[in-house]
2 protein chains.
Amino acid sequence: MKATIRSVAKLAGVAPSTVSHYLNQTAPLSAATAKSVEEAIAALNYRVNLGARSLRLRKTNSIGVVIPNITSPFFGEIAAVMENRLWERGFQTLLCISERSPERELSQVAHLVSRQVDGILLVYCSQKSRVAETLSDISVPIVFVDRRVPDQYSVCTDNFLGGRLAGRHLATLGHRVIGLLCGEPSVENVAERIQGFQVELQRFGLEIPEAYKAKGRQDLQLGLRITDLLQLDPRPTAIFATNDIVAIGAWRKLVESGFRIPRDISIVGFDDIAISRFLVPPLTTVAQPYREIGAKAVELLVDLVQAGETGKPAQENVILAPTLKIRGSTAPLKKGGAGKAIDGRLPQRTKPVPPKSKRSSRKGASRRPFKS
Amino acid sequence: MKATIRSVAKLAGVAPSTVSHYLNQTAPLSAATAKSVEEAIAALNYRVNLGARSLRLRKTNSIGVVIPNITSPFFGEIAAVMENRLWERGFQTLLCISERSPERELSQVAHLVSRQVDGILLVYCSQKSRVAETLSDISVPIVFVDRRVPDQYSVCTDNFLGGRLAGRHLATLGHRVIGLLCGEPSVENVAERIQGFQVELQRFGLEIPEAYKAKGRQDLQLGLRITDLLQLDPRPTAIFATNDIVAIGAWRKLVESGFRIPRDISIVGFDDIAISRFLVPPLTTVAQPYREIGAKAVELLVDLVQAGETGKPAQENVILAPTLKIRGSTAPLKKGGAGKAIDGRLPQRTKPVPPKSKRSSRKGASRRPFKS
DNA sequence: AGGAAAAGTTGAAACGATTCAACGCGACGC
DNA sequence: GCGTCGCGTTGAATCGTTTCAACTTTTCCT
């Protein structure tokens, strides 16, 4: 039988309320009573029942975290940071993994509300998420992470800026023929990256024709489709991938096909996941400020939770700036120049360049793919 | 004001207990009452307070998961599998990250107990963990994951077997001079891998001299120390790293130094983290059965939880077999043979082999490093 | 029609904590 | 000596559920 505050009180020969006061230091106790309570607690190995306390206090000191998955390095990092910060602040993390299913996500949020969490940190998995709509039903503070939601608290990277950073980097390196590996925009983030990238290129008088964009679900497979782009004429001398996973997929294909990075082709990713630093050469990428995102989201939510009694803080959409990590996978355009095939000194095991596909050759012939 | 079962009852014109029966389908209700209760619930947007229910039922349907960290791919995978399985089984996951601190781990376990979790899944972070000792104080079922604990429920990979698999693979490929990158055994797992590896090599009449073992904290840095091994004479033709991260560290150094994998050197890792498949060539490694570990641990714990009322299941230590994934990073020993420097056709950018260090030359000269 | 069984509903007592108002009591001031 | 104050302590109510025994109403059988 587990010890309760009552059993402790009985053993110590005091009232339950006295034990409670001892535990919470909410009233002064005489040294004698304190001691006997202390002993009773030790004797019974008593531990307060936080569930019961929560019921009475109407506050659980727990925060629900809903995240699409946790094995992807990006989300994993964010989840880790949030758990850490929450623990430091005295909150327990209730973890839910939505596995990118909007239905599951919704039911998880509902479940968390039922559990009386004090707040929710949500990285929603798809623009179709219905959480935002049903939000009025949810009387719990909620902060959206890595997503921008109109009129809601949210913390997000400036994806547009990130795209621009990547674009500027490649353009100033002299690249003129650039390929794009675009994840299907399940959420707006990816679309913003692409837009930022293109807007910045325009400043350099560059434009990316549709043929130079490979689109697909944002995962490793998409990276492999870089082979499509390599068949184009002129062949791209640089690639921007909308995240590092895609970049790594492309990387693999490139190396297997005998390309040298960055000599033959430059490549830029997005996210700066841990592996990227350890490729040879390391991947140039737009780094998301993981720690800041997680930390800021927790801070914002905790403020909201604690402001529950008083007034709410002003509506706040936090947008954090990413930074460009220039590493070894990008290099200035070699004198061969844009539009030329890469020079003859290919690595030994290079496969012959496959014949141009109809599509690419047509497009390539009909108009100059890049202005200027 | 949040709706309670009482407010619902009042609105529906019935007793609170009736509403409860409606919710739990624990007594037959007339169609009329059911309907009015239903409507009242909808009108008030009532959601049951799971905290209160737990208090009454003395069962929280929540499981504490304590894990050293979550960003490392191995632990991340396991955590993900466990969360998923738990959710399917109707349990909420309370996540705690110990950050490899035994003190933190202990206080997290204590906290979870206070929260009345129904059970705990623990990947403890260090052999010094004091959880096992204080276990008698803990009246909650607990399953140790990826660790073996005497007389406790646990689920673990057969690390010894894993080591043997790696050893046999390299030996049958003809390698005779083999280097070892040994993580400091913070937990026994690593030591067992090394032991299994050596035991298997002995069957082939091979033995690894101390000079061919690089030891250190099991992380990327350790991998970089492969340079020490490369200065030995004879130079190892194969490397076994006690996990994939270490192997990747070594890999990076090797590639940077101009070695070709597996032509110049074979390398075997342990864990089979996601990245390993995507190196070029992909890494041969001993795959831990992640999914099985996580799934089995959850299954075992849930059994324990549900057996709480009845008798406990027999003491069980589940040991799961790892499998060797033979990929591109290992190859048969080339005719140059053991003990010879790798052949002259090094890649273009190979750095000159550094002069032998005093230590290695002395050792190398004093006795044959490998029997047979 | 009468009684028993079945069906539907309910009040009150938990679960384990917190908290507020009140109480006993010695000390103090006048 | 008496009223007051403050300290230490406590009883009872409460948080939102579930559940058991009991109660009322209906149904069924003979």
Side-chain angles (χ1 to χ4, degrees), chain A residues 1-38 40-41 44-62 111 113-118 139-140 308-309, chain B residues 1-38 40-41 44-62 111 113-118 139-140 308-309:
Chain A
M1 206 54 179
K2 240 176 206 171
T4 74
I5 205 172
R6 250 182 274 278
S7 59
V8 170
K10 187 184 285 183
L11 180 59
V14 298
S17 44
T18 305
V19 179
S20 174
H21 284 134
Y22 170 84
L23 291 171
N24 303 306
Q25 308 198 34
T26 174
L29 294 192
S30 74
T33 14
K35 183 153 163 288
S36 64
V37 170
E38 212 161 300
I41 288 178
L44 297 175
N45 187 30
Y46 167 76
R47 327 211 119 247
V48 63
N49 179 328
L50 292 177
R53 173 181 287 176
S54 294
L55 176 58
R56 180 63 230 250
L57 261 40
R58 320 170 110 239
K59 176 152 181 4
T60 56
N61 280 301
S62 63
H111 180 91
V113 172
S114 260
R115 267 194 198 275
Q116 316 292 116
V117 292
D118 295 337
S139 48
V140 166
E309 307 102 27
Chain B
M1 208 52 181
K2 239 174 206 169
T4 73
I5 206 173
R6 248 183 274 277
S7 59
V8 170
K10 187 184 287 183
L11 180 59
V14 298
S17 45
T18 305
V19 179
S20 175
H21 284 134
Y22 171 83
L23 291 172
N24 304 307
Q25 308 198 35
T26 173
L29 294 193
S30 75
T33 9
K35 183 153 165 289
S36 65
V37 169
E38 214 162 298
I41 287 178
L44 297 174
N45 188 31
Y46 166 78
R47 327 212 118 245
V48 62
N49 179 329
L50 292 178
R53 173 181 287 174
S54 294
L55 176 58
R56 180 63 230 249
L57 261 40
R58 318 169 111 240
K59 176 151 181 4
T60 56
N61 281 299
S62 63
H111 180 91
V113 173
S114 260
R115 267 194 198 273
Q116 317 292 116
V117 291
D118 295 336
S139 48
V140 166
E309 307 101 28

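Proteins come first, then strands; the chains are lettered A, B, ... in the order of their sequence lines, and each starts at number 1.
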Under 4.0 Å, heavy atoms only, any strand: does B/L55 hit a base, just the sugar-phosphate, or nothing? base

Stretch residues 22-35 of chain B: residues that reach within less than 4.0 Å of DNA chain D through a heavy atom: B/N24

Touch check for A/A52, heavy atoms < 4.0 angstrom, all strands: base, sugar-phosphate only, or nothing? base

At a heavy-atom distance below 4.0 Å, what parts of residues 6-14 of chain B sit against DNA chain C? B/V14

Would you say D/dT10 has OP1 or OP2 under 4.0 Å from some side-chain N or O of A/T18? yes

A/R58 side chain: which of D/dG16, C/dT18, C/dT10 is closest? D/dG16

Which heavy atom of B/A9 sits nearest to which heavy atom of B/A15, and what is that distance? CB-C, 3.7 Å

Check the pair A/Y46, A/L23 against side-chain contact (heavy atoms from CB on, under 4.5 Å), reporting the backbone distance first and the verdict last. CA-CA 11 Å; A/Y46 167 76; A/L23 291 171; 3.8 Å; yes

Working to the nearest 0.5 angstrom, can you tell me the gap between B/R53 CZ and A/S114 OG? 8.0 Å

Rounded to whole Å, NZ of A/K59 lies from P of C/dT18 at a distance of 14 Å

Hits for side chain to side chain contact (heavy atoms under 4.5 Å, CB included) against A/L11, two or more places apart or cross-chain, chain-then-number order -> A/A40, A/A43, A/L44

In 5'-to-3' order, the base (B), backbone-only (S) or no-contact (-) status of each nucleotide in nucleotides 21-26 of chain D, using a 4.0 angstrom heavy-atom cut-off, is ------

Measuring from atom CG of A/L50 to atom CG of A/N61, what distance do you get when rounded to the nearest 0.5 angstrom? 8.5 Å

Round to a whole Å and report the spacing from CZ of B/R56 to C1' of C/dA12. 11 Å

Apply side chain to side chain contact (heavy atoms under 4.5 Å, CB included) to A/S139 and list each qualifying residue two or more places apart in sequence or on a separate chain. B/K2

Compare side-chain N and O positions of B/S20 against OP1 and OP2 of D/dT18 and report whether any pair is under 4.0 Å apart. yes

Between the protein and nucleotides 22-24 of chain C, list the N/O to N/O atom pairs that are separated by less than 3.5 angstrom.
none

Short side-chain N/O contact from B/R53 to OP1 or OP2 of D/dT18, under 4.0 Å: yes

Between B/L29 and B/V14, is the side-chain contact (heavy atoms from CB on, under 4.5 Å) condition met? List the steps. CA-CA 11 Å; B/L29 294 193; B/V14 298; over 6 Å; no

Taking only residues at least two apart or on different chains, which pairs with a member in residues 12-36 of chain B satisfy salt bridge (charged side-chain N to carboxylate O under 4.0 Å, His left out)? B/K35-B/E39

Which residues pass the side chain to side chain donor-acceptor pair (under 3.5 Å) test with B/S62, not counting sequence neighbours? B/T60

With sequence neighbours left out, the residues meeting side chain to side chain donor-acceptor pair (under 3.5 Å) with B/S36 are none

Between atom CZ in B/R47 and atom P in D/dT17, what is the gap in whole Å? 12 Å

Please tell me which of B/P16 and B/L57 maps to the more 5' nucleotide of DNA chain C, matching each residue to the nucleotide holding its nearest heavy atom. B/P16

Separation of atom CD1 in B/I5 from atom C1' in C/dC15, rounded to whole Å: 15 Å

In whole Å, what is the span from the CG atom of B/N61 to the P atom of C/dC15? 20 Å

Can you measure A/L50 atom CG to C/dT18 atom C1' for me and round it to whole angstrom units? 13 Å

Atom CZ of A/R115 and atom P of D/dC15 are separated, to the nearest Å, by 22 Å

What pairs with A/N49 under side chain to side chain contact (heavy atoms under 4.5 Å, CB included), at least two apart in sequence or on another chain? A/A52, B/L55, B/Q116

So what is the end-to-end bend of the helix from C/dA1-D/dT30 to C/dC30-D/dG1, with 5 pairs used at each end and the value given to 10 degrees? 50°

Just grab all the side chain to side chain donor-acceptor pair (under 3.5 Å) pairs involving residues 5-21 of chain B, residues at least two apart or on different chains. B/S20-B/N24

